[in-house]
Amino acid sequence: MFNPARARLLQEKLAEQVVFRDDFPPVSLVAGLDVSYFRTSGAFCGVAVVAVLRYPSLTLVEYAYHVEEAPVPYIPGLLAYREAPILLKAYAKLSHDPDLLLVDGHGATHPRGLGIASHIGVVLDKPSIGVAKKLLTGTVEEHQGVKYVVVNGVRAGIVIEEPGRKKLYVSTGHRVSPRTAYLLVTRMRKPRAGLPEPIRVADSLSRELARKLRGSRCPEPG
DNA sequence: GCGACAG
DNA sequence: ATCTTGTCGC
């Protein structure tokens, strides 16, 4: 059974493994990860999608998905326990090996420094970046023109603000500095898009799949 | 105790 | 996240 207190302790332990410095090879394949849901008899059915795009052309190379009942309810700060299990199963179905992961949600800008982007990055030991639409915790502090998201005295993320576009909170997931996360996500946002292309594609595909699967039965974990 | 709270 | 039609705007 799910124990929130136990889950938080594990996050504190895994957070020690998060690397804030850039430590990754040249990027040629980037993956976007996202989960959509559809209602069933008694629970929520999650549809996880991992879309792999070539970089910097941002053209789709392949995508994999996995459908399964959400194992636990959504609890702020514990999102990874609800979505990571399904995302990892979809990830295992890929035939390509991405160099970088862009995850929908926060990375180190988290109460215990281990948002879903960091959680997945550490588990797979893959460079990762968190991309969120809302602030979860921390304060925004501007220094020399850069708006950092500071959590527990640490600059864990940066706010991307551009006139006429939705604000984004990018953060270190694993092995990528906040500054580099900012630069990469900025380069992966198409002219008028709100989300960087890899996540936009994963979001679009997961929603489409959820819509089509609505009404059908949901596979249980295990 | 009160308010906040990714997706 | 999802529940939901039309509607304003580029």
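Just so it is clear, the structure is predicted and the values come from calculations on it, not from any experiment. Convention: sequence-line order gives letters A, B, ...; per-chain numbering from 1. All heavy atoms count here, side chains included; hydrogens, waters and symmetry mates do not.
Put simply, Leu205(A) and Val47(A) are part of the same group of oily side chains (I, L, V, M, F, W, Y) that touch within less than 4.5 Å, one to the next.
For Lys93(A), the NZ atom is densely surrounded, since the number of other residues' heavy atoms within 6.0 Å is greater than 12.
A straight line from CD1 of Ile116(A) to P of dC5(B) spans 19 Å, rounded to a whole angstrom. Residue Arg8(A) contributes atom CZ, which lies 14 Å from atom P of dA6(B) at whole-angstrom precision. Residue Lys166(A) contributes atom NZ, which lies 13 Å from atom C1' of dG7(B) at whole-angstrom precision. Rounded to whole angstrom, the span from the NE2 atom of His119(A) across to the P atom of dA6(B) amounts to 18 Å. Put simply, CG on Leu114(A) is 17 Å from P on dA6(B), counting in whole angstrom units. Tyr37(A) has its OH atom 9 Å from the P atom of dT2(C), to the nearest Å. Rounding to whole angstrom units, CZ of residue Arg211(A) and C1' of dT2(C) are separated by 15 Å. Protein atom CD of Gln11(A) is 12 Å distant from nucleotide atom C1' of dA6(B), rounded to whole Å.
A close approach under 4.0 Å does occur between a side-chain nitrogen or oxygen of Ser36(A) and OP1 or OP2 of dT2(C). The side chain of Lys133(A) contributes an N or O atom lying less than 4.0 Å from OP1 or OP2 of dG7(B). Contact annotation: Tyr169(A) side-chain N/O to dA6(B) OP1/OP2 distance is not under 4.0 Å.
Below 30°, between 30° and 60°, or above 60°: for Tyr169(A) and His106(A) the angle between ring planes is between 30° and 60°, a tilted geometry.
Listed candidates were dC10(C), dC5(B), dT2(C). Nearest to the side chain of Arg207(A) is dT2(C).
Residue whose closest nucleotide on DNA chain C sits further toward the 5' end, between Arg192(A) and Arg214(A): Arg214(A).
Residue contacts for Gly130(A): at a heavy-atom cut-off of 4.0 Å it reaches no nucleic acid atom on any strand shown. Heavy atoms of Leu87(A) sit nowhere under 4.0 angstrom from any nucleic acid atom.
When all heavy atoms of Met188(A) and Pro198(A) are compared, the pair lying nearest together is SD-CG, 3.8 Å.
dA1(C) has no stacking from Tyr74(A) on its base ring, since the centres under 5.5 angstrom apart and planes within 30 degrees of parallel are not both found.
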Q: Any chance you could lay out the side-chain contact (heavy atoms from CB on, under 4.5 Å) test for His110(A) and Val151(A), step after step, and finish with the verdict?
A: CA-CA 7 Å; His110(A) 173 279; Val151(A) 180; over 6 Å; no
